[in-house]
Amino acid sequence: MKFDMPATTNPIDQLKVIGKATERIDGPLKTTGTAPYAYERHDVAVNQAYGYIVGAAVAKGRIESMDLTAAKAAPGVIAIVTAENAGQLDKGNLNTAKLLGGPAVDHYHQAIALVVAETFEQARSAAHLIHVDYERAKGAFDLAIAKNSSTPPKPGFGGPPDSAVGDFVGAFESAPFQFDATYTTPDQSHAMMEPHASIAAWNGDKLTVWTSNQMIAWSVGDMAKTLGIPKENVRLISPYVGGGFGGKLFLRADALLAALGARAANRPVKVALQRALMMNNTTHRPATIQRLRLGATKEGKLTAIAHESWSGDLPGGSPETAVSQTRLLYAGANRMTAMRLAVLDLPEGNAMRAPGEAPGMMALEIAMDEMAEKLGLDPIEFRILNDTQVAPDNPAKPPSSDPQSKAPEEKHYPHPPFSQRRLTECFRTGAERFGWNKRNPVPGKSREGHWLMGIGVAAAFRNNLVMKSAARVRLDNKGVVTVETDMTDIGTGSYTIIAQTAAEMMGVALHQVVVRLGDSDFPVSCGSGGQWGGNSSTSGVYAACMKLREAVAQKLGFDSTKAVFADGQVRDGGRSTPLAQAAGESGLVMEDAMEYGDLDKKYQQSTFGAHFVEVAVHASTGETRVRRMLAVCAAGRILNPKSARSQVIGAMTMGMGAALMEELTVDKRHGFFVNHDLAGYEVPVHADVPHQEVIFLDETDPISSPMKAKGVGELGICGVAAAIANAIYNATGVRVRDYPITLDKLIDRLPEVA
Amino acid sequence: MRPFTFERAKTPADAAAAAARHPDAKFIAGGTNLLDLMKLQIETPAHLIDVNGLGLEKIEATQEGGLRIGALVRNADLAAHHRVRRDYGVLSRALVAGASGQLRNMATTAGNLLQRTRCPYFYDTNQPCNKRLPGSGCGAIGGFSRPHAVIGVSDACIATHPSDMAVAMRVLDATVETINPDGSARKIPIAKLHCLPGDTPHIETVLMPGELITGVTLPKPVGGKHIYHKVRDRSSFAFALVSVAAIVQPDGTGRVALGGVAPKPWRVEEAEAELPRGAKVFTARLLAGARPTPENAFKLRLVERIVASVLAEAKGAQV
């Protein structure tokens, strides 16, 4: 099914199941510990052996020698996989560095060996017996220095590296009010609860991997490419994922090494990436240096906007696209953005929840607060004054550099209208609800006992992406509808919204729907990433269900355009037949995909919101504790307010981590993230999480999909950290432009302790 | 983890004697720190002596009016004990500021005193660490040192002692009681238990091989206001950037010990005479000779601010 015209009325609009706050259908499995996660699949293959990964001890260099003698002789050891004995391996399209290093070492804790043994303890013990000698090479580990030799990156997910509209330099120089500041965001780790984990089993030349992965088809492709085997010979199964946040978008070392280990051991092998390897072995959100320049009239109209961002990655890597939102969020006739990429020999930088916007909004939305103050304007009014209903800066994709490319030239829309944009309403609704008028605009004036109190605000913005997604639906003779798609549920609630979609479409109760996810034998979905999963995967289910409805109608002799599917019945005029009857003994199976035309080019599809935060900063110690948080979101139809709320409050909590504590600390001499475990890399704990509230504006977006929904899981993190930074400023009068805002950056500028 | 042998000791004397028979032995009680370190092969004992059956989990009043805490009293039980809550509030508060509920249920009094540093270079066996591998160098000096010690450090090591409980015991003038493999017992003032790193950061206490802590004695309560102020980047489950244990009397005199700033709980009794003169003067004496790194110099100013806040709090003032 192709979606190339705005949606009109369709069965989803009945809202009998969709749009209702619905408990997760997989909730009982999760809460009773019976949802089978990858590492626990003792049932799927007999005689599993255990693998333990050895990570490189240097950041860059070569392995001179690796002595496996003692490890091989250790009790229980079955095999040891290294680059030397693994056979020829390619690199996945989506991997920047090789997943199995050696002899060249590309980054710290890059996997260089897998020890396979009868027990986990034996594998771990033997791994410590491997002696490796390295020849260390010099590397670049400091972004502030490497920035000086950075270059424009290739256009990618974030569009071209540069954009320009009007005359920024001229407008900035002549602006009566100018603002120019530089911000930094640190490297961050996904730090999800479940580590990367896989069990691999070979049956002849066929490989099955039970794993924890967000994007099944991507990773099937990269597993096949890396091993040099046909895609058809690879099956990935990932029905439950204990958190991903972008850290499990790709094939990673656990899955590849489990496959190699299983081949070497000639039996199934399970591998979980050790927690201490997670931060340096896998991907992370790269640090940024961002410069913002704003020029405005004295009335507060922005006339000049510039946003430049520098980040680093391994050779062949990609930038953190931190300027993305600045092209779209505020009006202004003269503007420029630029992204530059430096080569760093730190572990691979890549997507983490809301790549681009999450760190970009951390800088932009402090800058907007600072500019509002400079102008003497309320920060909300300043933003509303510069609201826009068309995209201010939508740079054209440069023509393909591949002369063989047969892709048709895409029509470029320089200023497409937003499909829906209710940013102002988000601010107004939130201000009313949060009590914005109680905020003292003069910083450092509100106090409760030991605590300096402050209120801050920031916009939330994240683009809405639509992705092709397929599903198969089966109707059986009991009226049960089974949905199969390789879509994943990474804690987001995919199982539930897919079941709601099928129930709505087929007119059955939610418990009459069975959802099976995360298996590469199922039709290829959009997967979970970039907050596209909820809208796109359910649209794929919609497409398959439309086909099934037609098949049912045809079989029962109904007019499919008039047939009503409700209460397990199909009705047309006076006739009514049980749905199950249409299935017959053999059932009915239909498969389809939703594909998208150019509505996402003609219109700018984005999601909007406003974050309100109240903080308390300890007057003596500078410790910041968040007291209250509110997010108002305008993100199309909310398919399940309950799981969507969970997504948003989780994202708000993650944004709090980014504001106050999360930082992978770089050892710039040795080139690694030092705090590489959950004791050293602090994320918010329960005691940090205050009262959180989420309001979803009642909205449908027919430009987006037949579901009229958009993404929301990443919107919730975008802007939170800046709202906290702005609240800290309001509380203390201290402006911190380097995240995270830890007490050491505050105490020298706090009032003397009496 | 290296393979190891295991035995359960029945009496304190047996345990100490068993340790003397196995030079590579370690005592294990709660195991909340030792097991982690064994998995990472930072600790590689060849033999474990389980001391959980030694009957050392009692808390008893002493004839002097103090309290004797058995070595195996769990942190959670110690924090909740009515005498501790009534007479030694600083200790109860320090305990509940540490770790998590689950860990406090397992961790013991003696184990808490003997826990190892959480320096990330100590924990990463690829990195140099004079404490883990004497002579290999210190990764933290010149590296990531924000959480590290600012005083009592050496060119060989700037790691902190991570305990909260020990800081409170230091301000309470606790005494550590031990038994030796030859059956002899001794009493060690807590001030003398932990060593400064000097050239031998791998030697962390004055305990002799095989010497087993059997209990900790608190002297008679001294009254005053008991405050434990722990400062960290998140609200719970984090080691102290700086902590202050204080007992302040109505006349403004008192005692102060610090956590998070030194290789041992940091207290300078002579400096306490300056307490009535205010935080600035007192802190200058308390931290005289400090050698911070650029990353952790903020701790010096932070200590002064917390002490000022604590003194004001003791007076009952709004700060």
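Small disclaimer: the values here were computed from a predicted structure and weren't measured. All chains are named by letter (A, B, ...) in the order of the sequence lines, taking the proteins before the strands, and each is independently numbered beginning at 1.
- Atom NZ of A:K72 has 12 or fewer neighbouring heavy atoms from other residues, nucleotides or ligands inside a 6.0 Å radius.
- Heavy atoms only, all atoms of each residue included: A:L678 and B:R234 are closest at O-NH2, 4.0 Å.
- Only the side chain of A:E623 comes within less than 4.5 Å of a heavy atom of chain B; its backbone N, CA, C and O stay farther away.
- In this structure, the separation between OH on A:Y108 and CG on B:D124 is 3.5 Å, given to the nearest 0.5 Å.
- A:D744 and B:R146 get closest at one heavy-atom pair: OD1-NH2, 2.9 Å.
- Atom NE2 of A:H676 sits about 12.0 Å away from atom OH of B:Y123, to the nearest 0.5 Å.
- The greatest number of non-hydrogen atom pairs below 4.5 Å with chain A, out of B:P3, B:G142, B:P147, is found for B:G142.
- Results of the side chain to side chain contact (heavy atoms under 4.5 Å, CB included) test with B:R305 over A:T621, A:D748, A:V753 single out A:V753 as the only residue that passes.
- Heavy atoms only, all atoms of each residue included: A:V685 and B:S236 are closest at CG2-O, 3.7 Å.
- Heavy atoms of A:H109 lying under 4.5 Å from chain B belong exclusively to its side chain.
- We find the CZ-CG distance between B:R301 and A:L743 to be 10.5 Å, quoted to the nearest 0.5 Å.
- The candidate from B:F237, B:F239, B:F144 with the greatest count of non-hydrogen atom pairs under 4.5 Å with chain A is B:F144.
- A distance of 6.0 Å or more separates the ring centres of A:H450 and B:H229.
- Distance OG1/B:T125 to NE2/A:H128: 5.0 Å, rounded to 0.5 Å.
- Interface remark: A:L746 contributes no atoms to any contact with chain B (heavy atom separation under 4.5 Å).
- Annotation for A:M661 and B:D233: closest pair CE-O, 4.1 Å, computed over non-hydrogen atoms.
- To the nearest 0.5 angstrom, B:S235 atom OG is 4.0 Å from A:R625 atom CZ.
- For A:L750, the parts lying near chain B are the backbone and the side chain together; criterion is any non-hydrogen pair under 4.5 Å.
- In terms of heavy-atom proximity, A:R669 sits nearest to B:G139 at NH2-O, 2.6 Å.
- Only the side chain of B:L241 comes within contact range of chain A, judged by heavy atoms closer than 4.5 Å.
- Both the backbone and the side chain of B:K39 come within contact range of chain A, each with at least one heavy atom under 4.5 Å from a heavy atom of that chain.
- Judged by distance alone, with hydrogens and angles left aside, the side-chain atoms of A:S125 form no donor-acceptor pair with the main-chain N or O of B:R2 at under 3.5 Å.
- When each of A:V58, A:V674, A:L660 is checked for heavy-atom pairs under 4.5 Å with chain B, A:V674 comes out on top.
- Contact of A:A56 with chain B is made through the backbone alone, with heavy-atom distances under 4.5 Å.
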